[in-house]
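Please read the structure below before turning to the comments.
Lettering follows sequence order; numbering is per chain, from 1. What's counted below: heavy atoms across the whole structure, side chains too, no hydrogens, waters or symmetry copies.
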There are 2 protein chains.
Amino acid sequence: MSMSRGNSPETERRAPLTRERVLRTAVELADEAGAASVTMRRLAEQLGVEPMSLYYHLPNKEAILDGIVDLVFREVEESAGAFDDGGGSNESGAPSETPDVDATWKASLRARILAARRVMLRHPWVPALLESRSGLGLAQARYVDTVVGTLRSGGLPYDLIHHAMHALGSRMFGFSQELGDDAGAGDASDSDAFAQMAEQVPNLAAMLAVVAHDDPDSTLGWCDDQFEFEFGLDLILDGLERQHARTA
Amino acid sequence: MSMSRGNSPETERRAPLTRERVLRTAVELADEAGAASVTMRRLAEQLGVEPMSLYYHLPNKEAILDGIVDLVFREVEESAGAFDDGGGSNESGAPSETPDVDATWKASLRARILAARRVMLRHPWVPALLESRSGLGLAQARYVDTVVGTLRSGGLPYDLIHHAMHALGSRMFGFSQELGDDAGAGDASDSDAFAQMAEQVPNLAAMLAVVAHDDPDSTLGWCDDQFEFEFGLDLILDGLERQHARTA
DNA sequence: ACCTGAACACCGTTCAAGT
DNA sequence: ACCTGAACACCGTTCAAGT
């Protein structure tokens with residue numbers, strides 16, 4: 001309520017330009033028009049400001065891209081507020097039988113990843129952007145940290161956890177390939193091109209014929225992405241569990 | 001040897017501009033300087049030609065990117081020339097006990113994928129480019145086709161094969177995430193930033209400390225990518241084998 | 001401290017023209 | 001048939017300047 005800083009009604013209407021506000025607007029822009037539309041000039045326009053003003057709050061476009069990825073991972077953290085931290089900080093590195101192993105590690109990791117997926121589905125441009133980025137941002141690192149913590153609470157040794165991170169790959173963040181675009185379709189979108197392709201790829205064509213048999217429109221784009229995601233995720237989680245059981 | 005078309009020594013020295021030659025040069029350019037350097041203007045320069053000449057042989061830049069991906073997959077096909085086709089075309093879709101199941105499907109699929117990986121390692125820009133592309137090219141589709149054929153020859157039903165394709169994801173093509181860049185490193189490249197980050201991500205830091213303990217330089221970038229790739233691949237292949245055995 | 005204007009070095013691409 | 005030149009509508013970014 002203090003009016004010490006000269007807040008005219010005008011400056012109150014237009015929120016001041018801020019790193020935070022720039023990034024939030026960039027996320028909105030990406031959500032509405034795709035990552036390619038996040039351009040310094042269009043972002044500035046959206047903010048009612050000149051392009052060069054952005055450079056006062058962020059060093060360059062890379063920082064903006066890093067920033068919006070981090071913003072999404074903060075959203076992931078919020079969405080997972082209900083989960084416990086699972087951070088049993090076992091200082092000694094010895095893989096002795098810890099008494100307090102959490103038998104539900106697999107279910108809770110699974111739930112957390114599926115929660116992350118729900119956020120990613122709201123921002124389908126994140127996967128492609130994330131692949132192009134090298135280096136974890138802070139929020140993403142914290143997310144990875146909770147995954148490690150969950151696996152550790154299940155009693156898995158750190159080297160198996162390390163392999164698990166690699167085996168999960170981007171699945172850890174809730175996506176595989178086909179989030180944004182229609183993977184599996186492609187040049188063969190129209191059925192003519194596909195029929196012509198079919199004789200060159202008989203095995204693939206046979207598989208598609210069998211799998212799509214209960215879906216009326218035979219054109220592709222028929223995969224149940226959610227089912228496939230969970231299938232692949234469970235394959236990996238079950239495999240990890242088995243590896244752990246074999247050496248425990 | 002015929003000189004019917006006016007081949008002066010000059011035109012023989014400079015090979016004629018061709019779709020093929022444009023794409024091969026584009027691959028070389030990407031190999032040497034990264035995918036970002038494949039630009040119509042720089043590509044033309046490399047070919048000793050004006051930028052607009054490229055548009056006579058290819059419709060636009062997208063076609064060039066699709067083209068170089070396809071070129072790499074043709075390289076994958078060549079590298080796998082020693083493999084058999086495994087194309088047992090079992091017309092009836094019934095999953096009855098086929099007498100001619102190939103018990104070595106897992107090993108041969110594994111070998112083919114690792115062969116593809118060796119090609120991808122020569123062209124580290126392919127993964128990122130492939131993710132951004134929607135739709136299989138012909139050579140890539142043929143590659144997928146042989147993967148389907150191999151799984152089918154092992155007796156797996158088509159719907160399990162379909163799940164397998166999704167579960168494998170880009171691993172089918174021989175890469176996971178960390179081909180080009182140093183995944184796992186990042187903002188924490190310098191040890192100062194990492195130490196500061198460590199207290200925010202205790203579980204992650206603990207894992208890294210344990211896993212890196214036998215690697216002298218504690219900075220990241222220490223993962224044995226080949227080992228991790230094979231670990232994840234085997235996890236999936238073993239899981240698929242088990243799923244198949246359970247329903248066979 | 002915060003924002004702007006003009007300018008630079010790039011992009012992909014169209015279109016009319018050259019040979 | 002094959003290649004070119006000029007031009008257009010975009011980029012990200014630097015740098016000196018405004019308030």
Side-chain angles (χ1 to χ4, degrees), chain A residues 3-26 29-30 33-69 125 128-129 132-134, chain B residues 2-26 29-30 32-69 125 128-129 132-134:
Chain A
M3 306 186 73
S4 59
R5 301 275 298 276
N7 289 0
S8 81
E10 277 170 337
T11 59
E12 271 184 352
R13 162 165 293 151
R14 275 248 170 266
L17 204 53
T18 301
R19 199 192 105 101
E20 195 71 14
R21 201 163 83 89
V22 170
L23 294 179
R24 288 200 189 285
T25 306
L29 216 165
S37 72
V38 178
T39 192
M40 302 304 276
R41 288 168 150 93
R42 265 197 265 186
L43 183 51
E45 191 187 25
Q46 197 84 359
L47 286 156
V49 103
E50 294 302 312
M52 292 314 114
S53 306
L54 303 176
Y55 286 88
Y56 184 79
H57 301 275
L58 290 129
N60 50 37
K61 189 181 178 180
E62 289 294 288
I64 292 186
L65 297 181
D66 288 342
I68 61 179
V69 168
W125 45 270
L129 193 53
S132 78
R133 235 102 283 283
S134 69
Chain B
S2 84
M3 305 184 74
S4 57
R5 301 278 295 280
N7 289 359
S8 80
E10 278 170 337
T11 59
E12 272 185 350
R13 163 167 294 151
R14 274 248 169 266
L17 204 54
T18 300
R19 198 192 106 101
E20 194 73 15
R21 201 163 83 90
V22 170
L23 294 179
R24 288 201 188 285
T25 307
L29 215 165
E32 288 162 17
S37 73
V38 178
T39 193
M40 302 305 276
R41 288 168 151 92
R42 264 198 264 186
L43 182 51
E45 191 187 24
Q46 197 85 359
L47 285 156
V49 102
E50 294 301 312
M52 293 313 115
S53 306
L54 303 176
Y55 285 86
Y56 185 80
H57 302 275
L58 291 129
N60 49 37
K61 189 181 177 180
E62 290 292 287
I64 292 185
L65 297 182
D66 287 341
I68 61 179
V69 167
W125 44 271
L129 193 52
S132 77
R133 234 102 283 282
S134 70

In Å, rounded to the nearest 0.5 Å, how long is the span from OG1 of Thr39(B) to CD of Gln46(B)? 12.5 Å

Dump every N/O contact between nucleotides 17-19 of chain D and the protein below 3.5 Å, one line per pair.
none

side-chain hydrogen bond (donor to acceptor under 3.5 Å, both in side chains) partners for Glu20(B), two or more places apart: Arg24(B), Arg74(B)

Under 4.0 angstrom, heavy atoms only, what part of the nucleic acid is Met40(A) near: base, sugar-phosphate, or nothing? sugar-phosphate

Residues in salt bridge (charged side-chain N to carboxylate O under 4.0 Å, His left out) with Glu62(B), at least two apart? Arg133(B)

How would you list, by chain and number, every residue that makes a side chain to side chain contact (heavy atoms under 4.5 Å, CB included) with Ala30(B), sequence neighbours excluded? Val38(B), Trp125(B)

Would you compute the distance between atom OG1 of Thr25(A) and atom CD1 of Ile68(A) and round it to the nearest 0.5 angstrom? 11.0 Å

What are the two closest non-hydrogen atoms of Leu23(A) and Ile64(A), and how far apart are they? CD2-O, 3.7 Å

Identify all side-chain donor-acceptor contacts of residues 47-59 of chain B below 3.5 Å with residues at least two apart in sequence or on another chain.
residue, atom, partner, partner atom, Å
Ser53(B), OG, Glu50(B), O, 3.1

Residues at least two apart in sequence or cross-chain that pass side-chain hydrogen bond (donor to acceptor under 3.5 Å, both in side chains) with Arg19(B), listed by chain then number, are none

So, OP1 or OP2 of dG12(D): does either fall under 4.0 Å of a side-chain N or O from Thr39(A)? yes

Quick one: stems for DNA chain D, with Watson-Crick or G-U pairs under 3.5 Å, at least three in a row? C:4-8 with D:12-16, C:12-16 with D:4-8

Quick one: list whatever passes salt bridge (charged side-chain N to carboxylate O under 4.0 Å, His left out) with Arg41(B), sequence neighbours left out. none

Return the CG to CG distance between Leu129(A) and Asp66(A), rounded to the nearest 0.5 Å. 8.0 Å

How many Å lie between CE on Met52(B) and C1' on dT14(C), as a whole number? 9 Å

Quick one: on DNA chain D, does Leu17(B) or Arg41(B) contact a more 5' nucleotide (nearest heavy atom)? Leu17(B)

Here the distance between atom P of dC11(D) and atom CZ of Arg42(B), to the nearest Å, is 20 Å

Using a 4.0 Å cut-off on heavy atoms, which residues in residues 53-64 of chain B reach DNA chain D? List them by number, or say none. Ser53(B), Tyr56(B), His57(B)

Starting at CD of Glu50(B) and ending at P of dT4(D), how long is that distance when rounded to a whole Å? 5 Å

